[in-house]
Asker: 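One structure, as structure tokens, below. Some questions next.
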There are 2 protein chains.
Amino acid sequence: MLELRLVQGSLLKKVMESIKDLVNDANFDCSATGFSLQAMDSSHVALVALLLRSEGFEHYRCDRNISMGMNLNNMAKMLKCAGNDDIITLKADDGSDTVTFMFESPTQDKIADFEMKLMDIDSEHLGIPEAEYHAIVRMPSSEFSRICKDLSSIGDTVVISVTKEGVRFSTRGDIGTANVVCRQNTTVDKPEEATIIEMNEPVSLTFALRYMNSFTKATPLSNTVTISLSSELPVVVEYKIAEMGYIRFYLAPKIEEDDEETKP
Amino acid sequence: MLELRLVQGSLLKKVMESIKDLVNDANFDCSATGFSLQAMDSSHVALVALLLRSEGFEHYRCDRNISMGMNLNNMAKMLKCAGNDDIITLKADDGSDTVTFMFESPTQDKIADFEMKLMDIDSEHLGIPEAEYHAIVRMPSSEFSRICKDLSSIGDTVVISVTKEGVRFSTRGDIGTANVVCRQNTTVDKPEEATIIEMNEPVSLTFALRYMNSFTKATPLSNTVTISLSSELPVVVEYKIAEMGYIRFYLAPKIEEDDEETKP
DNA sequence: ATCAACTCTA
DNA sequence: TAGAGTTGAT
């Protein structure tokens, strides 16, 4: 028996909106610890890791560890039917091949339940080692989103370079080049507007903007984003989910081939 | 000679927006009583009945009963040219085959007139008998609209069931099932937020969501909607138009075939 | 593939 | 408050 009650249902709605375009089907894993997911994107290039800790739920009952395979698009469709102020309860009976989403309006006048079939998914649960990163950038998530969107109108890839002075996002395309530099800046009115750079070693890595733009769908989940970079390691783009956990996106850097686009 | 002056011109704009997708051509009937329309939708499944009483107009002159055939899409196009605060006057000379819409801006600085050709339409004016309904539900129009929209992302038809406790909207589709229950609730701050159920007999009827979603285009006309149900009778979905009349949509229930989707 | 609705930004 | 872009539905 599984029963998870989340008062701030909009969180789950936002979480689904931020991964459903990246991943088609995935297993949600429930344990006493919390509700989590780990999945590769459909082209096996990026990885999403989600954690919603049990403490963040108003009620969390998970009698035994369970893995539920869901089509994320269908799940997102159903969650769209929940109001933003609704309380969302997720239920599954032992041995059942369905999951039920229950939505309660704040006034309790409207109660909706949506039942969805579960599916069997071959999951390849990767252990993600904790790593030391050469540089960690924390900045406003909206700013990062804007930069990725802007750069993708010029080129397909972004070079992220971190020095002590700041972080530089660069791209190059047929119509020209673009560079956006964000200086370290901790003297702002609100802490979430700060840009903070922790750097052990300068790094410069190239990534496909297509994926970055997909990751920034998680922007509504948090005011800030953390970008952790090391040469030879996948970048981690993390959005903290208040009181509950995080959503992390991993993406391997492109091996820079300067002449990739200019080959005959 | 016909001359109808409507100070709150936005009403007419909203009325047109709410029927133009359902009905292509229709006759508007003018008499001393008011301005009315009755028309079947293009696939002859649903029926719209509109009444704008003469008392609701600032000036209402209709020398003799007249029926004017109009293409509703074209009429809507012209009305879109009126500002939301404009005063709209509708004029037609006796024997003329055109109608003129005049729009006056609130400041009288702008006066526009649009002339449109009338058309001959075979109208089948159905007498709609007043009927006793097993159940009448009054609820916020926005909520009804939201429910129809949500359910149509899951299935094609909605089962509306009324009991003393409340009204249930259910659907079923490839990805799962959905139920939304609205409880009777008269203890709200504003009367237009109430959900009121008058029930003589429980009913449960099935309708095509496509039409329901078309009806809910009238939501801007009223804060509340009234749904009148009887077995074997078309449902009536009514939006009252303040001080003037109503727009009513009629839709025959689907005969429930439980095995419709499971036939070999 | 096209059209309409919603959200976010300027 | 208006426009544009994006997203979803038919």
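Values below: every heavy atom of this structure, side chains too, minus hydrogens, waters and symmetry copies. Please read all numbers here as calculations on a predicted model, not as lab measurements. Lettering follows sequence order; numbering is per chain, from 1.
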Asker: Going by atom type alone, with no hydrogens or angles, which donor-acceptor pairs under 3.5 Å involve a side-chain atom of residues 166-174 of chain A and a protein atom two or more places apart or on another chain?
Answerer:
| unit_1 | atom_1 | unit_2 | atom_2 | d |
| --- | --- | --- | --- | --- |
| A/Arg168 | NH1 | A/Asn179 | OD1 | 3.4 |
| A/Ser170 | OG | A/Asn179 | OD1 | 2.7 |
| A/Thr171 | OG1 | A/Thr157 | O | 2.6 |

Asker: Name all residues meeting the salt bridge (charged side-chain N to carboxylate O under 4.0 Å, His left out) criterion together with A/Asp86; count only those two or more places apart in sequence or in a different chain, and write none if there are none.
Answerer: none

Asker: Give the intermediate values and the outcome of salt bridge (charged side-chain N to carboxylate O under 4.0 Å, His left out) for residues B/Arg5 and B/Glu104.
Answerer: CA-CA 10 Å; B/Arg5 182 176 165 92; B/Glu104 300 166 63; 2.6 Å; yes

Asker: List, with names and distances, any nitrogen or oxygen atoms from the protein found under 3.5 Å away from nitrogen or oxygen atoms belonging to nucleotides 7-10 of chain D.
Answerer:
| unit_1 | atom_1 | unit_2 | atom_2 | d |
| --- | --- | --- | --- | --- |
| D/dG8 | OP1 | A/Lys20 | NZ | 2.6 |
| D/dG8 | OP1 | A/Lys80 | NZ | 3.3 |

Asker: B/Glu143: what forms a salt bridge (charged side-chain N to carboxylate O under 4.0 Å, His left out) with it, not counting sequence neighbours?
Answerer: none

Asker: Only counting residues at least two apart or in another chain, list the ones meeting side-chain contact (heavy atoms from CB on, under 4.5 Å) with B/Ser214.
Answerer: B/Leu22

Asker: With sequence neighbours left out, write down each residue that passes side-chain contact (heavy atoms from CB on, under 4.5 Å) with A/Thr219, or none if nothing qualifies.
Answerer: A/Ser141, A/Ser145, A/Thr216, A/Tyr239

Asker: Return the set of residues passing salt bridge (charged side-chain N to carboxylate O under 4.0 Å, His left out) with B/Glu17 (not counting sequence neighbours), or none when no residue passes.
Answerer: B/Lys20

Asker: Taking only residues two or more places apart in sequence, or in another chain, which ones meet A/Asn185 in a side-chain contact (heavy atoms from CB on, under 4.5 Å)?
Answerer: A/Thr187, A/Val188

Asker: Is there any protein nitrogen or oxygen under 3.5 Å from a nitrogen or oxygen in nucleotides 2-4 of chain D, and what are the pairs?
Answerer:
none

Asker: Dump every N/O contact between nucleotides 8-10 of chain C and the protein below 3.5 Å, one line per pair.
Answerer:
| unit_1 | atom_1 | unit_2 | atom_2 | d |
| --- | --- | --- | --- | --- |
| C/dA10 | OP1 | A/Arg146 | NH1 | 2.6 |

Asker: For A/Lys77, give me all partners under salt bridge (charged side-chain N to carboxylate O under 4.0 Å, His left out), at least two apart in sequence or on another chain.
Answerer: none

Asker: Please identify each residue that fulfils ring-ring contact (aromatic ring centres under 6.0 Å, His included) with A/Phe114, with sequence neighbours left out.
Answerer: A/Phe103

